[in-house]
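All chains are named by letter (A, B, ...) in the order of the sequence lines, taking the proteins before the strands, and each is independently numbered beginning at 1. Quick caveat, the model's predicted, so the values are computed rather than measured.
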Amino acid sequence: MMHAPLSRSFYKQDLHVLATRLLGCLIIRILDDGRQLSARIVEVEAYAQKDDPSAHSFNGQTPRNKVMFGAPGHLYVYFTYGMHFCCNVVAGEIGQGDAVLIRAVEPVDGIEDMLVHRYGEVTSDKKKISNVTNGPAKLCKALKINRSENGIDLCENKIWIEAGDKLAENMIGHSTRIGINHGKDLPWRYFIKDNSWVSKSGKGITYVG
DNA sequence: CGTGAGATTTCCT
DNA sequence: GGAAATCTCACGT
């Protein structure tokens, strides 16, 4: 089985450089039974410890956000709204507290498993298929990422990220972030333009460029 | 298609 | 005690 994870140094890059370079990359997930799922990252958001009041790390380290302050290249999974998990890639240096939220992915391999995780069964319903991974909590459910995946090292072999096709600069869109109440003006959401798996739930977001 | 409410638990003030 | 980096369903146009 292929295992070509991006290295630790990739994750040490500047938050925003890392966020845009994650677009187009493949996230690979090995399930407990050994089956492999893969999906292309099409939408992300950057969260910075410094000057970003919407980042979980903004007010300093707590038990919940401690993974954000650890080594880069680890997965920070948080639980929210009483029922959802979302996952982030820890960026920068140890102690920096920056992370990239993965907001949407495009299924590549194992879409039937993803459908089962999301809906309890394989379906041919077009609407359900198009909604299987186009949101941060949706993709976590599809890839079976939850509390026990918090803190996983992406440089090991349970969940990792591989380089994808290189994207031209003009294929990347920018906007303000979705679903936050502070830092609304920061254009820190990045996505692949014209990709149908990008989430469309954003209200009141502002596009740049 | 757009808007709005409810779900349901964890974390931090 | 209140807010939360969300999702789904119901209802109105």
Side-chain angles (χ1 to χ4, degrees), chain A residues 15-16 18-20 22-23 27 39 41-70 72 74-92 96-107 114-121 123 125-152 173-191 196-208:
Chain A
L15 174 64
H16 299 278
L18 176 62
T20 53
L22 280 169
L23 293 174
I27 180 166
I41 298 172
V42 301
E43 177 184 354
V44 298
E45 284 177 354
Y47 286 89
Q49 194 278 328
K50 196 171 175 300
D51 300 324
D52 179 9
S54 67
H56 288 175
S57 53
F58 182 67
N59 288 314
Q61 188 173 327
T62 66
R64 179 208 205 189
N65 65 23
K66 130 174 145 49
V67 172
M68 278 185 88
F69 287 91
H74 288 247
L75 202 63
Y76 166 51
V77 181
Y78 67 89
F79 180 74
T80 192
Y81 292 107
M83 62 186 81
H84 297 303
F85 293 97
C86 299
C87 70
N88 296 249
V89 173
V90 177
Q96 192 167 324
D98 289 356
V100 178
L101 171 69
I102 302 179
R103 277 200 61 88
V105 301
E106 170 181 347
M114 298 183 203
L115 290 168
V116 170
H117 296 158
R118 285 269 290 136
Y119 306 116
E121 60 183 2
T123 174
D125 182 320
K126 290 250 168 58
K127 194 164 175 106
K128 283 187 172 176
I129 292 172
S130 68
N131 281 302
V132 70
T133 54
N134 64 341
K138 296 176 186 179
L139 72 91
C140 280
K141 195 164 183 201
L143 298 178
K144 255 188 178 230
I145 293 173
N146 54 52
R147 201 183 311 284
S148 53
E149 278 67 45
N150 185 35
I152 276 187
H174 307 248
S175 81
T176 53
R177 295 171 294 180
I178 293 176
I180 54 175
N181 290 303
H182 299 288
K184 285 180 154 132
D185 52 322
L186 300 171
W188 289 0
R189 171 174 176 253
Y190 306 100
F191 54 92
S196 64
W197 297 89
V198 170
S199 71
K200 297 167 183 72
S201 58
K203 277 179 298 199
I205 61 176
T206 307
Y207 288 85
V208 182

Using whole Å, report how far [atom1] of [X] lies from [atom2] of [N].
X         : N       : atom1 : atom2 : result
Glu45(A)  : dA5(C)  : CD    : P     : 11 Å
Ile180(A) : dA4(C)  : CD1   : C1'   : 12 Å
His182(A) : dA3(C)  : NE2   : P     : 10 Å
Arg147(A) : dT9(B)  : CZ    : P     : 11 Å
Gln49(A)  : dA5(C)  : CD    : C1'   : 16 Å
Asn146(A) : dT10(B) : CG    : C1'   : 15 Å
Met83(A)  : dC7(C)  : CE    : P     : 11 Å
Tyr76(A)  : dA4(C)  : OH    : P     : 14 Å

>> Under 3.5 Å for both donor-acceptor distances, Watson-Crick or wobble: does dG12(C) have a partner, and if so which one?
In response: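 Checking every strand shown, dG12(C) finds its partner in dC1(B), with both distances under 3.5 Å.
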
> What does dT8(B) pair with, Watson-Crick or G-U, if both distances are under 3.5 Å?
Replying inline: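 When the pairing criteria are applied, nothing turns out to pair with dT8(B), so the answer is none.
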
> Hey, does Arg177(A) reach any base, or is it just sugar-phosphate, or nothing, if we go heavy atoms under 4.0 Å?
Replying inline: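 It contacts nothing in the nucleic acid.
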
>> Once you apply a heavy-atom cut-off of 4.0 Å, does Arg118(A) come out as touching a base, just sugar-phosphate, or nothing?
In response: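 Sugar-phosphate contact only.
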
Would you say [X]'s side chain and [Y]'s backbone share a donor-acceptor pair under 3.5 angstrom?
X         : Y         : answer
Lys50(A)  : Ala48(A)  : no
Gln61(A)  : Phe69(A)  : no
Glu45(A)  : Ile178(A) : yes
Arg118(A) : Lys128(A) : no

To the side chain of [X], which of [options] is closest?
X         : options                 : answer
Met68(A)  : dA5(C), dT8(C), dT6(C)  : dA5(C)
Leu101(A) : dT8(B), dA5(C), dC12(B) : dA5(C)
Pro136(A) : dC11(B), dA4(C), dC7(C) : dC7(C)
Asn88(A)  : dA5(C), dT6(C), dT8(C)  : dA5(C)
Tyr81(A)  : dC11(B), dC7(C), dA4(C) : dA4(C)

> What integer number of Å spans the P atoms of dA5(C) and dT3(B)?
Replying inline: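 It comes out at 22 Å once rounded to the nearest Å.
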
> With a centroid cutoff of 5.5 Å and a plane-angle limit of 30°, would you call Tyr47(A) stacked on dA5(C)?
Replying inline: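 So yes, this residue stacks on that base, both cut-offs being met.
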
> Has Arg189(A) got a side-chain N or O lying under 4.0 Å from the OP1 or OP2 atom of dA5(C)?
Replying inline: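 Checking Arg189(A) against dA5(C): no side-chain N or O falls below 4.0 Å of OP1 or OP2.
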
> Would one find a side-chain N or O of His56(A) under 4.0 angstrom from OP1 or OP2 of dA5(C)?
Replying inline: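 Indeed, a polar side-chain atom of His56(A) lies that close.
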
> Does Val100(A) or Lys138(A) map to a spot on DNA chain C nearer the 5' end, using the closest nucleotide for each?
Replying inline: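 Per heavy-atom nearest nucleotide, the more 5' residue is Val100(A).
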
>> Assuming nearest nucleotide by heavy-atom distance, tell me which of Tyr119(A) and Ser54(A) is located more 5' along DNA chain C.
In response: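 Mapping each residue to its closest nucleotide by heavy atoms, the 5'-most match is Ser54(A).
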
>> I'd like to know whether NZ of Lys66(A) has more than 12 heavy-atom contacts from other residues, nucleotides or ligands below 6.0 angstrom.
In response: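 For Lys66(A), atom NZ is not crowded (no more than 12 foreign heavy atoms under 6.0 Å).
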
> With a 3.5 Å cut-off and just heavy-atom distances, do the side chain of Tyr78(A) and the base of dA5(C) make a donor-acceptor pair?
Replying inline: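 When only heavy-atom distances are counted, Tyr78(A) does reach the base of dA5(C) through a donor-acceptor pair under 3.5 Å.
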
>> Is the ring pair Phe79(A)/Phe85(A) parallel, tilted or perpendicular, if the boundaries are 30 and 60 degrees?
In response: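 Plane angle between 30° and 60°, so tilted.
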
